[in-house]
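Chain letters run A, B, ... following the sequence lines, proteins first and then strands; every chain starts at 1.
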2 protein chains.
Amino acid sequence: MARQQGSKVRAPTMADVARLAKVSPQTVSRVLNDYEFIKPHTRDRVLQAIDSLDYRPNMAARTLATSRSRTIGVIATDYLSYGPATALWGVEQAAREAGYGVSIVSLRESNYRTMTEALERLASQSVEGVVMIAPQDATAHAAFVSFDEIPVVTLSSYESGVHKPIMLDSAEGSRIATRHLIDLGHRVIRHVSGPAGFTVSESRVQGWRDAASEARLVATEPLVGDWTAESGYVVGKELARDHRATAVYVANDRMAQGVLLALHEAGRRVPEDFSVVGFDDVPEAAYLIPPLTTIRQDFTALGRRCIEAVLALINGEPPLEPEPLIPNLIVRQSTAPPLQ
Amino acid sequence: MARQQGSKVRAPTMADVARLAKVSPQTVSRVLNDYEFIKPHTRDRVLQAIDSLDYRPNMAARTLATSRSRTIGVIATDYLSYGPATALWGVEQAAREAGYGVSIVSLRESNYRTMTEALERLASQSVEGVVMIAPQDATAHAAFVSFDEIPVVTLSSYESGVHKPIMLDSAEGSRIATRHLIDLGHRVIRHVSGPAGFTVSESRVQGWRDAASEARLVATEPLVGDWTAESGYVVGKELARDHRATAVYVANDRMAQGVLLALHEAGRRVPEDFSVVGFDDVPEAAYLIPPLTTIRQDFTALGRRCIEAVLALINGEPPLEPEPLIPNLIVRQSTAPPLQ
DNA sequence: CTTACTATTGTTTGCGGTAACGAAGGAGTG
DNA sequence: CACTCCTTCGTTACCGCAAACAATAGTAAG
């Protein structure tokens, strides 16, 4: 139990354990790997030796011998924002539960080169699979180009014939959000979208258009932001000048926050004069002024699914059919029927 | 350049490269490790062979042979919030620049057992060092108890005789925040602190007390939150009823957001009736209503320092003297002189 | 009492690298 | 010209583990 103190004492190996337990190294290995035909007595001796030497198996050696690293690589372009961070959390939890470790590489910039480098890096660490948290089209694209040696699962909504990503049905979320506004009686509903190049930007715009046209409303051009509160604030000012519109559906909560501020500064009250719906349900959404009505995404579940999917691939099982998760509406105080 | 297609083609090894380049495996190894006495001609042949076989060194084998994994382990109790996530980002970036990979383990619950497990896990992956993102006393504590085989650097503000953590001077940040309010003319300044058990909770309370007593003000008991916006909202209601106080310094931005909402609902205007200062400067702080005056922490720098510190330890250099970073005040619109 | 298994353990080999050592050839030196 | 030293390679052994194969003892079956 007591740890080795002080300097460079070589860590105990299986041979040391074997010697102490008076068995062969292979037997120690068997105990460690839950081989069934071990006498309880022998097992106990080995276990006790392991414990008293404080032996810990050397993953590198095991990986070399088995070419299984029990490690999943994660490539993320961003895990500072709530969504990706939470997904990463889910990935890591699920991975650990499955006995896997997680090695992560982040990309400040995502293009073919950086993607390839990241994959090479992970490949040389012999990761058994890779989860790519890739909100951008370019990133998702890059995933296909490169490896077929290592199973790769993408968390995005980019679809391709090659492999299906784990995703949330963004368009459906959009429809739900927009319909909520329509049901409240809004007729002119604008949209603040994410930037071009992000798959979810597209699909959210699409869902908004769909819901609008179903209700025979015209969807004017969306305003484009870049996911940040700042961009929401900027387009929010423009929105505040639009006196035909009575509601806006914003593609994420952070931009919605900026919109809220711009509206406030322009003297337009939410929800009396203007209804606002966001997307994501970040933990802070409930404490904005006013508390934000939004679409909740279960990022953790998304992350967990990624692991299920890579694991299936790793074990050569048929690839998981990834029916997209359906997000749900959380009604708070930023939406109300229009006044007039 | 072209990748191996399809099924189970054994990845090329150094021997394959050696054969193709007509040299010994050892020479390939030398080229890979920048050994100086290699004829340019030989080096080129090897490099070309590597390229044409698309050879990638096997980290597991290298680790086994050298017992250097070129991997840093990270233990985090939380990387969903902005601070830890950003620190993790800094760690990962700096690690990569130094040629290290990052393997992460998160703890949903941090006590001696989970800490030890995490360290064991990382140790068996032969990480060369560990960075612990440990805001809680308990976690920071656990760091000492365990390993002296592997260098561990803690990102926290828990001090001990054994090793100094990488930290930001929380108390100083508190003083700056509080002095800002004092300078504006506030005489009754309350404090919303983080929960017990977090080192920064303590030191922020301390800084607030210091600044208050310097100015010969009485610091009434702090209100205690748990870092979440929700808890800020709860204590904010209480705060709204305190009509002697004209200002509050909140230990983090998220709680400050909750306070803002509570104040708003109680009809107390910010900053006219009540000034609010936060801590962290999360990206959203600038887009709250009103934009929040706060103390900015450079989490990325903190993360980078952690890597510098572990690296020093790993290379047997004298441990870095970690002069704490000094945060700075960002004045926005949630603070103003008291009315009367 | 053989024979045929089965349960249990040991021995050998190899995973893909690098460290340590050795050796050949050329340059410099007295 | 013999001797030493440096450059540039190759050879051997080993890192810590598990796969493959072998061996032993017991047990059930014939």
Side-chain angles (χ1 to χ4, degrees), chain A residues 4 8-47 49-50 53-71 99 123-128 149, chain B residues 4 8-47 49-50 53-71 120 123-128 149:
Chain A
Q4 302 285 4
K8 317 294 158 219
V9 193
R10 197 178 100 300
T13 74
M14 249 173 55
D16 299 323
V17 175
R19 209 168 307 123
L20 184 61
K22 301 195 199 311
V23 295
S24 74
Q26 184 61 20
T27 299
V28 178
S29 170
R30 286 184 179 118
V31 170
L32 252 26
N33 292 289
D34 291 319
Y35 180 70
E36 63 177 318
F37 301 122
I38 299 276
K39 272 193 186 163
H41 173 65
T42 314
R43 181 191 312 277
D44 289 345
R45 278 218 321 282
V46 171
L47 253 23
I50 286 177
L53 287 179
D54 204 21
Y55 165 79
R56 218 174 308 110
N58 179 322
M59 278 297 292
R62 183 177 286 183
T63 299
L64 185 58
T66 60
S67 53
R68 300 206 57 183
S69 64
R70 302 233 141 241
T71 300
S124 92
Q125 289 177 46
S126 336
V127 297
E128 294 182 37
E149 313 160 37
Chain B
Q4 302 287 3
K8 316 295 156 219
V9 193
R10 195 179 101 300
T13 74
M14 250 174 54
D16 299 323
V17 175
R19 211 169 305 123
L20 184 60
K22 301 195 201 311
V23 295
S24 73
Q26 183 62 24
T27 299
V28 178
S29 170
R30 287 185 177 117
V31 170
L32 251 27
N33 293 290
D34 292 318
Y35 180 68
E36 63 178 317
F37 301 121
I38 300 276
K39 274 194 187 161
H41 174 66
T42 315
R43 182 192 311 277
D44 288 345
R45 280 217 320 281
V46 171
L47 253 23
I50 286 176
L53 287 179
D54 204 22
Y55 166 79
R56 217 174 311 109
N58 180 322
M59 278 296 293
R62 183 176 285 182
T63 298
L64 184 57
T66 61
S67 53
R68 301 207 54 183
S69 63
R70 302 235 141 238
T71 299
E120 301 255 322
S124 91
Q125 288 177 45
S126 338
V127 297
E128 295 182 35
E149 313 160 37

Using atom CG of B:L53 as one end and atom C1' of C:dG16 as the other, report the distance to the nearest whole Å. 15 Å
Pick base, sugar-phosphate or nothing for B:M14, based on heavy-atom distances below 4.0 Å to the nucleic acid. base
First of B:P40 and B:L64 reached from the 5' end of DNA chain D, by closest nucleotide: B:P40
So, OP1 or OP2 of C:dG17: does either fall under 4.0 Å of a side-chain N or O from B:T66? no
Non-hydrogen atoms of A:P25 and A:A18 that approach each other most closely: N-CB, 3.6 Å
What string of B, S and - do you get for nucleotides 23-28 of chain D 5' to 3' if you count protein non-hydrogen atoms under 4.0 Å? ------
May I ask you to say what B:L32 touches in the nucleic acid, namely base, sugar-phosphate or nothing, with a heavy-atom cut-off under 4.0 Å? nothing
Once hydrogens and angles are ignored, does a donor-acceptor distance under 3.5 Å link the base of C:dG16 to the side chain of B:R56? no
Correct closest heavy-atom pair for A:A11 and A:D16 would be O-OD2, 4.3 Å
What's the spacing between A:K22 NZ and A:T42 OG1 if we round to 0.5 Å? 13.5 Å
Quickly work out the A:N33 CG to C:dT9 C1' distance and round it to whole Å. 16 Å
Rounding to an integer number of Å, can you tell me how far B:D44 CG sits from D:dT8 P? 14 Å
Within this structure, what is the NZ-to-P distance between B:K39 and D:dG10, rounded to whole angstrom? 11 Å
Nearest whole Å is fine: how far is C:dT8 C1' from A:E36 CD? 11 Å
Nearest 0.5 angstrom please: A:L32 CG to A:R62 CZ, how far? 5.5 Å
Please report the shortest heavy-atom distance between B:L64 and A:A60, naming the atom on each side. N-CB, 4.1 Å
Rounded distance (nearest 0.5 Å) linking atom OG1 of B:T63 with atom CG of B:N58: 8.5 Å
Quick one: the side chain of A:Q26 and the base of D:dA19, do they pair up donor-acceptor inside 3.5 Å? yes
Using a cut-off of strictly less than 4.0 Å between a heavy atom of the residue and any atom of DNA chain C, enumerate the qualifying residues of residues 18-25 of chain A by number. A:V23, A:S24
To the nearest angstrom, the NE2-C1' distance between B:H41 and D:dT7 comes to 16 Å
Starting at the 5' end of DNA chain C, which residue's closest nucleotide do you reach first, B:R30 or B:A15? B:A15
Give one of base, sugar-phosphate or nothing for A:T42, where a contact means two heavy atoms less than 4.0 Å apart. sugar-phosphate
If you round to the nearest 0.5 Å, how far is CZ of A:R30 from OG of A:S24? 6.5 Å
Can you check whether A:S29 has a side-chain N or O nearer than 4.0 Å to OP1 or OP2 of D:dA18? yes
Within the structure shown, what part of the strands sits under 4.0 Å from A:Y55 by heavy-atom distance: base, sugar-phosphate, or nothing? sugar-phosphate
What distance do B:M14 atom CE and B:R19 atom CZ have between them, rounded to the nearest 0.5 Å? 11.5 Å
In whole angstroms, how far is the C1' atom of C:dA7 from the CZ atom of A:R43? 13 Å
Rounded to whole Å, please give me the gap between CE in A:M59 and C1' in D:dA18. 13 Å
Might you point out which heavy atoms bring B:R43 and B:E36 nearest each other, and give the distance in Å? NH2-O, 4.1 Å
B:I38 vs A:R62, nearer the 5' end of DNA chain D by closest nucleotide: B:I38
Separation between CZ of A:R56 and CD of B:E120, rounded to the nearest 0.5 Å: 5.0 Å
